[in-house]
Peer 1: 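Just passing along the structure, written as structure tokens.
Side chains are part of it too, since the values below use all heavy atoms of this structure and drop only hydrogens, waters and symmetry mates. Chain letters run A, B, ... following the sequence lines, proteins first and then strands; every chain starts at 1.
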Number of protein chains: 2
Amino acid sequence: MHKFIYCFSFFLGTFFQSIAEDGYRLWLRYDLVNNPDLLIQYREQIQSMLILGENASMEAVKNELQLGLKGLLGKDIPSGLLTDNHLLLVGTYGPNTILSERLTPNETENLGDEGFSILTKEIDGKKIISITALHDTGVLYGVFHFLRLLQTQQDIENLNIQSIPKIKVRILNHWDNLDRTVERGYAGFSIWNWHQLPEFIDQRYIDYARANASIGINASVLTNVNANALILRPDYLEKVKALADVFRPYGIKVYLTARFSAPIELGKMETADPLSEDVQSWWNEKVKEIYEFIPDFGGFVVKANSEGQPGPQNYGRTHADGANMLAEAVAPYGGFIMWRAFVYSNEDPDDRHKQANNEFVPLDGKFKSNVLIQVKNGAIDFQPREPFHPLFGALEKTPVMMEFQITQEYLGQGTHLVYLGPLFKEVLDSDTYMEGRESTVGEIIDGSITGQSITAMAGVANIGSDRNWTSHPFGQANWYVFGRLAWDYDLSAEAIAAEWVKQTFGNDPGMGQVVESIMLDSREAVVNYMTPLGLHHIMGAGHHYGPGPWVSKMSRAEWTSTYYHRADSLGVGFDRTSTGTDAINQYHRQIARTFESINHCPEKYLLWFHHVPWHQPLASGNTLWNEICLHYQKGVDQVAGFVDRWQNIQDSIDEQRYHHVLSLLTIQLKEARWWRDACLAYFQTFSQLPFPEGVEAPLNELKYYESLQYPYAPGIRPKW
Amino acid sequence: MHKFIYCFSFFLGTFFQSIAEDGYRLWLRYDLVNNPDLLIQYREQIQSMLILGENASMEAVKNELQLGLKGLLGKDIPSGLLTDNHLLLVGTYGPNTILSERLTPNETENLGDEGFSILTKEIDGKKIISITALHDTGVLYGVFHFLRLLQTQQDIENLNIQSIPKIKVRILNHWDNLDRTVERGYAGFSIWNWHQLPEFIDQRYIDYARANASIGINASVLTNVNANALILRPDYLEKVKALADVFRPYGIKVYLTARFSAPIELGKMETADPLSEDVQSWWNEKVKEIYEFIPDFGGFVVKANSEGQPGPQNYGRTHADGANMLAEAVAPYGGFIMWRAFVYSNEDPDDRHKQANNEFVPLDGKFKSNVLIQVKNGAIDFQPREPFHPLFGALEKTPVMMEFQITQEYLGQGTHLVYLGPLFKEVLDSDTYMEGRESTVGEIIDGSITGQSITAMAGVANIGSDRNWTSHPFGQANWYVFGRLAWDYDLSAEAIAAEWVKQTFGNDPGMGQVVESIMLDSREAVVNYMTPLGLHHIMGAGHHYGPGPWVSKMSRAEWTSTYYHRADSLGVGFDRTSTGTDAINQYHRQIARTFESINHCPEKYLLWFHHVPWHQPLASGNTLWNEICLHYQKGVDQVAGFVDRWQNIQDSIDEQRYHHVLSLLTIQLKEARWWRDACLAYFQTFSQLPFPEGVEAPLNELKYYESLQYPYAPGIRPKW
């Protein structure tokens with residue numbers, strides 16, 4: 001096959017000889033270790049394997065080790081005996097098991113359900129490396145970790161690793177529709193081929209499970225939060241079961257989105273009132289049916305009374321009433337309800353920023369114990385930069401979970417190189433002051449502050465049917481960093497970038513340095529060329545593709561751009577201080593105090609919380625207007641720099657991915673300029689000020705940018 | 001990569017070691033010749049190559065030969081000298097060229113624009129094989145033909161091949177929308193990634209061009225006949241240009257569909273009246289613009305005044321007025337207009353079968369010389385079996401072209417194994433009696449009867465974003481057979497199946513025999529389990545997925561099933577004889593005479609032309625009712641037989657494709673039973689007769705089948 005994929009590439013005028021690098025293998029490439037000395041060492045250190053246990057998960061372990069070691073070491077590792085020297089010993093620990101002859105209880109006792117330990121030991125002069133856990137899935141995680149050590153060329157001479165996930169449910173949310181379109185999907189279409197399930201099991205389903213397990217993701221919501229009741233129909237449940245059966249050996253539980261009105265649409269009932277006994281028993285029956293298909297079904301994610309979705313408020317009930325009804329239905333089976341806090345209403349005149357807290361803080365303590373409130377990282381909607389959501393730290397008696405967006409709806413979608421590690425970390429490390437200092441968002445969602453027993457982190461997936469899964473080859477890094485941070489949010493964005501690059505592009509340090517530097521600068525670059533200094537939600541309406549600061553006429557004010565930037569002849573920005581909407585007082589007073597003052601508010605959030613005069617001097621000494629212009633220009637310059645840096649490492653990157661990334665960087669540069677030109681042309685109509693030195697003037701007049709129409713930009717949900 | 005794709009396949013419980021066979025390579029696999037003696041021979045017969053000419057097409061030739069020979073012979077063939085023994089000599093012939101030292105003019109003079117010659121010659125004791133043509137594209141076709149000889153393990157000792165295409169324009173019609181959905185597409189979504197064009201050139205575009213060139217396809221309509229004016233916007237034309245640039249070296253011209261109302265939608269004009277000078281000059285300007293982007297642009301395909309599409313009749317003009325306006329616009333550049341005859345109106349009370357002839361026969365002779373009338377193979381719509389369209393043979397002064405449907409809209413869509421070779425041949429070999437006997441449809445569209453100078457055959461593509469291009473691995477055979485028949489419709493369906501199987505699955509004769517037998521039986525099987533004895537258009541409404549003989553309430557009568565089968569207590573079938581709609585008199589009188597008589601009408605068309613009593617005895621001696629039942633049962637039994645036959649050759653098929661096809665055959669068998677059960681349960685309510693012996697009774701009651709809903713069956717166009 002590689003011959004065919006790597007047939008001469010006409011647009012390059014070259015003829016590829018090497019193995020195809022089309023990105024399908026993600027970070028699990030397992031190519032031969034290219035450092036000869038290290039290869040010799042590894043072969044010496046791993047001479048045989050003994051894999052204990054006979055079940056589907058251990059089958060997965062075995063196959064992954066065979067696949068990985070054969071690739072990395074370039075030879076089959078024979079299965080060995082407990083007494084072998086340089087044995088790789090893999091299995092679950094238990095008293096009176098073979099493993100207990102080599103390990104002591106205290107080496108495993110604290111690993112919990114999913115933790116693992118990797119140890120190098122010398123016993124009777126025999127060296128062994130053990131990968132062990134208390135449960136199969138932990139062993140699988142340990143094996144993937146061990147293979148990562150080899151792929152990133154780490155020293156394995158004296159391993160003593162214990163790793164336990166900080167968050168219990170590490171879950172992908174697929175906004176995939178049953179017609180295979182993906183809302184906010186930019187990598188083709190849904191990988192779920194519902195029409196051909198359950199009979200046809202695509203190899204992709206298996207490789208999807210492997211990739212997720214390799215970074216610790218243990219749950220997946222298969223369907224869009226804008227839900228379709230049809231997924232609960234028996235013939236669809238059979239299809240869901242087929243996927244659950246593929247994922248189970250990899251420790252991945254399947255969740256679905258529940259359309260609140262399903263009792264009406266499927267059950268032909270008059271109402272979906274959560275307090276109606278008929279409705280309750282309809283859900284109880286439906287849940288019973290689901291668990292007959294999928295005994296380890298995870299539960300439901302629910303978007304209710306938000307953006308037109310039905311919910312309990314349609315019947316004068318609260319979110320708690322709605323969530324608890326479903327929670328009772330799944331409780332007997334150990335299921336969870338993830339109830340989204342992303343609610344805002346156009347009837348509510350209050351600042352959209354405040355509405356989630358207004359809804360949920362009064363309900364704190366009213367939810368069943370198997371309900372989690374799923375909170376987006378910020379109060380608006382997955383912007384390039386947002387202050388953390390004020391619900392983190394505001395709920396004391398209710399489990400809260402994080403919802404990040406891996407798919408880049410507002411960050412360049414499928415064509416911009418933006419590494420989200422720094423964004424995720426910025427949020428997780430934010431101090432909520434819930435208990436004085438040191439109450440970071442991370443410490444809240446992992447339960448260490450409130451003691452909540454169920455913990456979860458969700459990521460809205462960027463996975464699609466494109467051959468390389470994520471359209472942009474660097475989109476893979478955002479899937480990767482989400483999984484790694486969900487496992488351990490104390491890892492740094494830098495470290496995760498480095499390990500991803502090594503596994504994805506190889507261990508050449510010069511190349512690695514350049515690629516990592518591009519990744520680590522990329523998030524600040526997109527903030528600069530899209531929404532600097534706290535500007536937000538000024539994208540094109542609907543598809544959110546490209547700039548649209550002029551968007552002002554829509555059915556709902558809070559869908560327009562002018563609602564958020566409030567530009568006028570005096571200045572720009574949204575006054576959320578006490579003189580404005582007072583949203584800042586939803587934060588802890590210590591934070592509120594900082595944000596309240598135009599002088600102490602961090603400049604990165606300035607226009608998020610303040611309406612600032614154009615002539616206001618900022619820390620740099622420049623006026624606001626000049627700083628805005630300089631930030632837009634800087635964003636463009638940064639992308640131009642990415643292009644140069646990428647071209648400098650052409651020799652260290654395989655030809656197919658080199659040219660793919662280069663063509664996407666070309667698009668990104670074009671679109672960064674588009675953003676700068678459109679936004680500056682627009683805001684200048686208010687500031688009436690000239691562009692400072694070093695800032696290129698827009699290529700076209702404002703009306704040109706306003707006239708651009710993209711009805712088929714990807715990621716919009718078609719109506720059938 | 002193969003390691004990853006071929007990671008253990010959980011649902012099989014096995015671990016693949018071999019190279020991936022995911023179908024991406026189509027019939028261009030170029031695997032090492034597995035017959036050792038033959039391999040030695042080939043290596044002896046091809047010891048060096050000399051490829052003459054320096055341009056993009058010859059670059060493609062060179063790369064294809066390197067790729068193919070390296071794969072098939074397992075070694076690089078060095079470039080050689082004219083004086084070498086066992087030289088492969090490749091290039092365009094011309095007087096005083098190097099080639100003219102080895103070839104004589106008469107060996108090439110009649111090859112025309114696209115023909116090629118492959119000769120084995122001995123000159124001065126040196127053996128050479130020459131692949132030559134008068135133009136580069138002919139050489140490319142010759143090279144693909146030569147590689148096919150090797151892939152199918154033919155003797156190349158004494159080659160003397162001249163091949164010239166019978167049809168000039170061999171064109172794929174992609175019903176692809178700008179949102180990447182594909183109307184009647186069952187292989188994922190559109191391969192055209194409009195959003196990332198022109199910057200990102202997907203390797204697929206190149207491999208698409210290679211695959212088409214390898215079977216002689218030389219044109220492609222990129223957009224849906226239900227057209228969107230946006231494709232004519234400059235930014236989209238730049239994207240089209242990028243594709244045209246990729247296809248050009250492979251001899252493939254790009255066509256687009258023209259939305260007749262584009263002057264209103266794009267040009268902001270009041271009218272699209274073809275007689276308006278403003279409209280004419282708008283089209284002239286637009287065409288000029290297109291040719292500036294794409295100097296060899298092929299022309300437009302137009303669906304006008306059909307199924308709601310705008311057209312000249314909106315302004316009281318004729319199809320000729322509309323077609324001629326566009327024809328004049330493209331004429332200066334050598335472009336064509338392919339004007340579809342697929343028109344029918346719900347205002348017209350006449351039999352839909354007759355409406356195309358009613359519209360177009362009166363216009364015969366009124367069209368500009370660069371207009372072709374594009375006629376579907378049958379008068380209704382791509383049914384499993386239709387009599388040939390009566391327009392073939394009815395137009396004398398107007399070029400007519402064939403429109404086949406490769407995508408299986410009415411033949412099991414993406415999941416049924418149905419080889420369309422026999423269907424295409426049945427139509428092409430049908431005698432129209434236009435000039436007494438021997439005026440086959442093929443002879444009409446190739447111009448030998450009417451002398452029409454432009455000739456074309458279109459196929460509605462079954463290509464999508466699925467990794468294997470066509471969803472069903474055997475869908476590839478339908479793409480293949482279309483191309484081969486468009487080149488030479490005298491080839492047999494059997495021969496083409498055999499050569500496709502060898503290239504796709506290998507040269508094992510036992511395996512080949514079985515696979516070919518399944519393919520050759522498959523079309524009759526689908527007729528049996530869907531629409532035996534001339535039944536037609538009784539599929540589910542809208543998506544055309546599954547049986548829907550009960551469909552009776554729709555906005556248009558001719559979209560219902562009851563319109564076509566007319567079942568009642570007396571019998572079933574559509575009386576199109578002189579006592580009925582008299583549609584048969586649109587055929588030549590000799591055909592009409594046969595069809596008119598219930599005793600002489602071929603049984604395969606019986607219910608197409610006659611309303612037949614349930615008790616009517618047929619040739620077999622069985623009553624009509626019993627024959628209908630037995631045909632449905634036979635169709636199911638045939639598919640069950642395919643499953644058995646396929647399982648018998650498991651050892652001869654690679655694991656991935658074996659299991660993929662098996663899972664699809666499982667779906668096909670399930671759905672064949674569904675068709676039988678639903679149709680028999682339905683028709684029995686009219687016949688009130690018992691099922692004959694050997695026919696299984698339906699599993700469920702009719703109301704169950706009527707209740708089934710598939711809102712997300714693939715291939716329906718979503719509305720954005």
Peer 1: Go through the atoms of B:Y545 and report whether side chain, backbone, both or neither lie under 4.5 Å from a heavy atom of chain A.
Peer 2: side chain
Peer 1: If you define the side chain from C-beta out and look only at heavy atoms, does anything of B:Q709 sit under 4.5 Å from A:R233?
Peer 2: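 Yes, at least one pair of side-chain atoms sits under 4.5 Å.
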Peer 1: Is any side-chain heavy atom of A:I201 closer than 4.5 Å to one of B:S663?
Peer 2: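 Not in contact.
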Peer 1: To the closest 0.5 Å, what do you measure between CD1 (B:I667) and CD (A:E199)?
Peer 2: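 B:I667 CD1 to A:E199 CD: 4.5 Å, rounded to 0.5 Å.
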Peer 1: If you round to the nearest 0.5 Å, how far is CG of B:D22 from OH of A:Y24?
Peer 2: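 Answer for the OH-CG pair, A:Y24 versus B:D22, is 8.5 Å.
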Peer 1: Roughly how far, to the nearest 0.5 Å, is the NE2 atom of B:H472 from the CZ atom of A:F200?
Peer 2: 10.5 Å
Peer 1: Name the region of A:R204, side chain, backbone, both or neither, that has any atom closer than 4.5 Å to a heavy atom of chain B.
Peer 2: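 The answer is neither part of A:R204.
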Peer 1: Supply the atom-to-atom distance A:Q656 CD to B:Q203 CD, rounded to the nearest 0.5 angstrom.
Peer 2: 6.0 Å
Peer 1: Taking atom NZ of B:K239 as the centre, does the number of heavy atoms from other residues, nucleotides or ligands within less than 6.0 Å exceed 12?
Peer 2: yes
Peer 1: Nearest 0.5 Å, please: how far is CG in B:N193 from CG in A:D466?
Peer 2: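 Between atom CG of A:D466 and atom CG of B:N193 there are 7.0 Å.
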Peer 1: Could you tell me which portion of A:L230 (side chain, backbone, both or neither) has an atom closer than 4.5 angstrom to a non-hydrogen atom of chain B?
Peer 2: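 The answer is the side chain of A:L230.
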Peer 1: Side chain, backbone, both or neither: which part of A:F247 has a heavy atom under 4.5 Å from chain B?
Peer 2: neither
Peer 1: Counting only non-hydrogen atoms closer than 4.5 Å, does A:K62 touch chain B with its backbone (N, CA, C, O), its side chain (CB onward), both, or neither?
Peer 2: neither
Peer 1: When the aromatic ring centroids of B:Y186 and A:H195 are compared, is their separation below 6.0 Å?
Peer 2: no
Peer 1: Just by distance, no angles: are the side chains of A:S471 and B:Q196 close enough, under 3.5 Å, to form a donor-acceptor pair?
Peer 2: yes
Peer 1: Cut-off 3.5 Å, side chains only: do B:Y712 and A:N228 have a donor facing an acceptor?
Peer 2: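 Yes, side-chain donor-acceptor contact under 3.5 Å.
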